[in-house]
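None of the values given here were measured: they were computed from a predicted structure. Only heavy atoms go into these numbers, but all of them, side chains included; no hydrogens, no water, no symmetry mates.
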Amino acid sequence: QVQLVESGGGLVQPGGSLRLSCEASGFSLDYYTIGWFRQAPGKEREGVSCISGDDGSTNYAASVKGRFTISKDNAKNTVYLQMHSLLDEDTAVYYCAATSVLLYGGNWQGLLTRSYEHWGQGTQVTVSS
């Protein structure tokens, strides 16, 4: 059974950093694409970043490029989202998601919610002074 558990959220000041973790079970990261999404109050869920299990290629939303980095540790079956230079508008519930379709870097479908079959419960990130 595919399961995804996010952790690492919290309250951080503007300009600060956080690292989110997505621990996967029931499947191997080698054969899945993992995406990070976020949803702010009153807004639609949006894609933040994704990483292909095959070659580790990545994709980022324009709003986070250069500030966020996605990575994975196959031995721990965990995907990370390192976030730097956080802004108020980064405040949201962050979700990780998995699809058995390998979506390589540059494939914009990796940032679409409809591309993913499995979702975690989310972790809250609040950026505020």
Are [X] and [Y] close enough that some pair of their side-chain heavy atoms sits under 4.5 Å apart?
X: S49; Y: L81; result: yes
X: F27; Y: S100; result: no
X: N77; Y: S25; result: no
X: Y60; Y: T69; result: yes
X: C96; Y: V79; result: no
X: Q124; Y: T91; result: yes
X: L4; Y: H118; result: yes

Do [X] and [Y] belong to the same hydrophobic cluster, where Ile, Leu, Val, Met, Phe, Trp and Tyr are linked whenever their side-chain heavy atoms lie under 4.5 Å apart, directly or via other members?
X: V125; Y: Y80; result: no
X: I51; Y: V2; result: yes
X: Y116; Y: V48; result: no
X: F68; Y: I34; result: yes
X: V127; Y: L11; result: no

Atom CD of Q39: over 12 foreign heavy atoms under 6.0 Å: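 Check passes, neighbour count above 12.
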State the [atom1]-[atom2] distance between [X] and [Y], to the nearest 0.5 angstrom.
X: Q82; Y: L18; atom1: CD; atom2: CG; answer: 8.5 Å
X: R38; Y: R45; atom1: CZ; atom2: CZ; answer: 13.0 Å
X: D88; Y: T126; atom1: CG; atom2: OG1; answer: 10.5 Å
X: C22; Y: I70; atom1: SG; atom2: CD1; answer: 8.5 Å

Under 3.5 Å: donor-acceptor pair, side chain of [X], backbone of [Y]:
X: S115; Y: Q109; answer: yes
X: Q121; Y: E6; answer: no
X: N59; Y: C50; answer: no
X: Y95; Y: G35; answer: no

May I have the step-by-step check of side chain to side chain contact (heavy atoms under 4.5 Å, CB included) for S17 and V12, ending in yes or no? CA-CA 7 Å; S17 300; V12 62; over 6 Å; no
Quiz question: by atom type and distance under 3.5 Å, do the side chains of S52 and D54 form a donor-acceptor pair?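 No.
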Would you say T99 and E117 are linked by a side-chain donor-acceptor pair, where the criterion is simply a distance under 3.5 Å?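 Per modelled atom types, E117 and T99 side chains form a pair under 3.5 Å.
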For residues T33 and L103, report the shortest heavy-atom separation together with the two atoms involved.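 Heavy-atom minimum between the residues: OG1-N, 2.8 Å.
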Please find the pair of heavy atoms, one from S128 and one from P14, that lie closest to each other, and give the distance.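 Minimum heavy-atom contact is C-CD, 3.6 Å.
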Side chain to side chain contact (heavy atoms under 4.5 Å, CB included) evaluation trace for M83 with R67: CA-CA 6 Å; M83 307 185 293; R67 300 189 297 123; over 6 Å; no
Please confirm whether the ring centroid of W119 lies under 6.0 Å from the ring centroid of F37.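 They qualify: ring centres under 6.0 Å apart.
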